[in-house]
Amino acid sequence: MDYNFSDIEKKWQRIWREKHIYKTETDASKQKYYVLDMFPYPSGAGLHVGHPLGYIASDIYARYKRQKGFNVLHPMGYDAFGLPAEQYAIQTGQHPAVTTEKNVNRYREQLDKIGFSFDWDRSFKTCDPDYYKWTQWVFIQLFNHYYDNNLQKAQPIEKLAAHLSAQGTEGLNVAQTEPLELSAEEWNSASEKEQQTYLMNYRLAYLADTWVNWCPKLGTVLANDEVVNGLSVRGGYPVERKQMKQWILRVSAYAERLLQGLETVEWTDSLKEIQRNWIGRSEGAAVCFPLAKNDDLDWKKLYMGGNCDVQSEPAFEIFTTRPDTIFGVTFMVLCPEHEMIEAITTPEQKAEVEAYVTWAKNRSERERQAEVKKVSGVFTGAYAVNPITEEHIPIWVSDYVLSDYGTGAIMAVPAHDSRDFAFARHFNLPIRQVVAPQPNEVSDPDTWEESMDSKTGYCVNSGFIDGMTVKEGGKAVIEKIQTMGIGYRTINYRLRDAIFSRQRYWGEPFPIYYKDGMPYPVPESELPVLLPEVDQFLPTETGEPPLARAKNWTYNGYQREYSTMPGFAGSSAYYLRYMDPHNDTCLVSKEADEYWQNVDLYVGGAEHGTGHLIYARFWNKFLFDLGISCKDEPFKKLINQGMIQGRSNFVYRVVGTNKFVSLNLRKDYETTPIHVDVNIVHNDVLDIEAFCNWMPDFKDAEFVLEDDKYICGWEVEKMSKSKYNVQNPDDLVEKYGADTLRMYEMFLGPVELAKPWDTNGIEGVFRFIRKFWRLFHDGEQNFCVSDEEPTAEEYKILHKTIKKIEEDNERFSFNTAVSAFMICTNELLEKKCNKRKVLEPLTVLISAYAPHIAEELWSLLGHDTSVVTASFPAFDEKYLKETSYKYPISFNGKTKYQKEIPLDLGVKEIEELVLQDESVQRWLDGKTPKKVIVVPRKIVNIVC
RNA sequence: GCGGAUAUGGCGUAAUUGGUAGCCGCGCUAGACUUAGGAUCUAGUUCCUCACGGAGUGGGAGUUCGAGUCUCCCUAUCCGCACCA
């Protein structure tokens, strides 16, 4: 029988499906292993060849682990809520649920064709009410908890209310939106609404007025990770800054734990670094700069915020990582959004300041980022007092100070900060050197080209810290401000709280209703809050989200929250749900969670480094605090599969003609490159007939050929329809079979590596698969396996391969494993070895990579069970033992000869043997070697 | 600007972890079988040289008997962050 991959693959896929062969049960007798892929967003375009790369790798590993006796959880589902389905709905009026369903079916069909070992019985979509019920449930828990900094743990909000009732904010060390001072009496005499307002300051999911990334084109706000260079990631539309009331997750409360947790996981250094940068921990000090007395100001109205103990006078709290430079402060800068600008601006400056603030606030995020180098700002007319030097320094406003980092106010040290330097130069503000490489190396800052930002050196012109190193100086300043009660050591994080509302339709509705203007969660018994039907998916005319269109959609007559949750909500706990997907009493049962623990191997793209992978870790840490997840970190080991780029082909049309010139002849012509469908190009040779039929324009095309061929040019680009470089896995499965596709995708190179998709090599893998098939068949293609005992040499080939495959599987080096299979097959073919005792274990080995052909051969070998249940063969060291080793003989490090030497010889004996060797004698030509280095099992090096 | 990674034949890559650089595959060359080849098989294929031989892992130094691998300094490419005080 010929190798008919099409029949074989269909047959086994059917059997696997019918027998639910990959169904996984909790089985306490077996060790668990959890392999997870980042689930896909089912877009209308279907899967391309890049998607399955990670899935194939994880599938191989999952199958391998099963063979090693583990109980493997390997689920798959769909991240189905999100913008594209909704954009499509707005354009066509089709319900997103309908298009999503259609796309999901298409994805499933495509995935099935590749032969994955997913347990589909555990599958769900994030838009299934049975699932999003638990997304909503977690949100309510976030709403009902706050973060206790002393315990480093989330706590029920009732506990906080009790604390406030007993002693007000006294002794409270919690994550909060802004510092509040509240006495027990004030709390106890506050109305329900006032109390709720106070509590909102502490909840882990809170509602607040905030500056957001507003994307008018998408009609929604976006989180920081959904905006790149001022443009939305989805769609690439401009994003503006806008103040809006939004739901926000207090991710920043977990900043330190998110950072610390990175030490305990096996992720790549680069991804850990991406997360560390995103969290952006900075150690430094908060210092209060009192406002200089000014009779024009209403002193009482000025409350500046901050944690300082200075209550008697208005003061700005600033954050600095360089307290050692406090003697070099020559001005202060506030962000344009700063609340106190209006209050402190002097009448003379008022018009100018207002104009600047208005201008700065109305700039789009994109404009602001594009003009980072441009210095702009305005003087408020007010002065602050440097608390250490008691100097008066002018207070300026500029948009280079950000409202959402630190306190939105900075002390400017132009001599030692490049941004302050540029600002001072532009507005002619004084620059004072306070750090020097050596205590005596002081120069005139007016002559400087740039600031001295170095974090090493000595303090100069710096009062009581003069002569200290920068490090000592910083320490001394912090001690001083702490004893003065005007500042403290503190840590700032770049990580911002995540805006959690989206003014869109296709997402999880919030389980929230409003009473007396305050939000309340619906009772848990009311979950899920189903997504209501609406007549149109557009926002309403009043700018309210589409859910405001829903008829009679209230909670007992109270208005519901009309926003929906963002994409990352549904993907933040899905790995927990797979452990226990049908449980309708809780997100995941204690039993299931304790058995499956967390994901052992997570495979997905690095592009989620600052989005999903942060949110999911945050979400999991919160659930860990609640005792729902037994592990602090959700993903133990993570592999980032490299992006697959497209490889486009080009033909070169001579300008003004319908004539096409082959790649290497085009220098004689003036040509324009034109994208050509990669499916009609083979190894960069154009199929001319197919090309003429491809488009009517090319019907009568003429060609200038080289060697009777038309050679196309190529370039690596993004995979996209318009570039005609999309490779669809179905076509390849059709042509070569799933097993070939699987092995080829692995053969392409290391999983982590980004690489252009290039079908050129797939023939080689296809050839190999057929050779493998041929091992089990005679010349007439009849199944033919002998029961003869294999020779020692044949056993050696087998055990060498088992060892290599095991090692490669363990280190996720699937490309080298495929090579090992090829070598093994070539060697066995050469020996014409068709012995059962060799081929049977080999079939098991390859079944993780090419499961269909393995199943078929397994059954031909006479097994009535599936190869899936076979265990990984053990290799026997005795067949791998060498009795001799071919030593490279080097002279001065250069290898000249090889000599076979028995392995049981000692170093001295080897040396003697080598020196007696004829070739060596000839090379030495009578000279005596200075030194002979013998490294057993490695090399003999003769130094002359 | 800051941070991370990578650099090996015409191409994708490999290298027992400091020990014969180029495994495996593509492509290419020659041959066999074929009406034919975008099929199959065999042999060859890092570069220079007819050869002997020499050079060679982005460039330069260093450690070592010995460096693709370790250290330092450059260069290039890719990725992440980017007025984060």
Side-chain angles (χ1 to χ4, degrees), chain A residues 228-229 268-278 280-282 284 318-322 325 333 335 368-369 371-375 398-402 404-413 416-420 422-423 450 453 492-496 606-607 609-610 640 642-643 647 682-685 687 709 714 743-744 747-750 752-765 767-768 770 804 807 813 815-823 826 886-898 929-935 937-944:
Chain A
V228 174
N229 295 329
T268 59
D269 288 344
S270 72
L271 190 64
K272 284 189 193 179
E273 207 51 41
I274 287 172
Q275 291 217 336
R276 279 190 203 109
N277 287 343
W278 187 261
R281 180 191 151 107
S282 311
I318 58 93
F319 173 73
T320 178
T321 53
R322 297 292 303 275
T325 61
V333 189
C335 64
R368 208 181 60 81
Q369 292 195 5
E371 294 169 14
V372 158
K373 293 261 144 62
K374 258 196 191 158
V375 177
S398 173
D399 66 353
Y400 84 87
V401 176
L402 304 178
D404 51 1
Y405 183 79
T407 55
I410 62 153
M411 64 176 213
V413 186
H416 306 289
D417 180 284
S418 50
R419 297 151 307 182
D420 297 345
F423 195 81
E450 55 185 13
D453 293 4
N492 242 296
Y493 299 92
R494 212 194 68 105
L495 183 71
R496 312 287 153 86
E607 67 271 20
T610 55
N640 291 120
M643 194 108 82
R647 185 181 190 275
H682 307 277
N683 292 326
D684 294 335
V685 177
D687 180 337
K709 287 179 205 154
W714 61 274
M743 292 199 101
Y744 183 58
F747 185 65
L748 228 39
E752 302 91 329
L753 216 74
K755 55 212 157 225
W757 176 263
D758 182 354
T759 317
N760 285 345
I762 198 167
E763 302 275 350
V765 176
R767 221 167 275 156
F768 152 73
R770 283 182 323 209
K804 174 80 174 147
E807 283 168 3
S813 178
N815 56 327
T816 54
V818 175
S819 295
F821 280 122
M822 290 177 171
I823 294 167
N826 286 341
K886 256 191 189 165
Y887 276 84
I889 312 293
S890 296
F891 291 86
N892 300 326
K894 267 236 159 318
T895 304
K896 298 288 176 186
Y897 310 106
Q898 280 179 40
K930 271 192 203 146
K931 202 157 62 166
V932 179
I933 294 135
V934 177
V935 186
R937 279 182 154 274
K938 291 269 160 86
I939 201 161
V940 179
N941 191 12
I942 300 166
V943 185
C944 308

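In what follows, chains are A, B, ... by sequence order, proteins preceding strands, each numbered from 1. Bear in mind the structure is a predicted one, so any value in this text is a computation, not a measurement.
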Counter-base of B/A7, judged by Watson-Crick or G-U geometry with both distances under 3.5 Å: B/U75
Under 3.5 Å on both distances, the Watson-Crick or G-U partner of B/C41: B/G31
Pairwise C1' distance, B/A82 and B/G4 [rounded to whole Å]: 14 Å
Sugar-phosphate only, base, or nothing, as touched by A/N492 at under 4.0 Å among non-hydrogen atoms: nothing
Near-ring test A/Y493/A/W278, centroid separation under 6.0 angstrom: no
Touch class at under 4.0 angstrom, heavy-atom based, for A/I823 against every strand present: sugar-phosphate
Phosphate OP1/OP2 of B/A85: any A/Y405 side-chain N/O under 4.0 Å: yes
Pair A/R276 + A/E273: basic N to acidic O under 4.0 Å: yes
Touch class at under 4.0 angstrom, heavy-atom based, for A/V935 against every strand present: base
Sugar-phosphate, base or nothing in reach of A/S398, heavy atoms under 4.0 Å: nothing
Sugar-phosphate only, base, or nothing, as touched by A/L753 at under 4.0 Å among non-hydrogen atoms: sugar-phosphate
Nucleotide forming a Watson-Crick or wobble pair with B/G80, both distances under 3.5 Å: B/C2
Polar side chain donor-acceptor pair, A/T816 to A/S813, under 3.5 angstrom: yes
Any donor-acceptor N/O pair, A/N492 side chain to A/S282 backbone, under 3.5 Å: no
Touch class at under 4.0 angstrom, heavy-atom based, for A/Q898 against every strand present: base
Touch class at under 4.0 angstrom, heavy-atom based, for A/N941 against every strand present: base
Assigned glycosidic conformation for B/U49 [threshold 90° from 0]: anti
Nearest-nucleotide comparison on RNA chain B, the residue closer to the 5′ end among A/D420 and A/G749: A/G749
Touch class at under 4.0 angstrom, heavy-atom based, for A/P750 against every strand present: sugar-phosphate
Flag, side chain of A/Y887 to backbone of A/R937, donor-acceptor distance under 3.5 Å: yes
Integer-rounded Å distance: B/C24 C1' and A/M822 CE: 7 Å
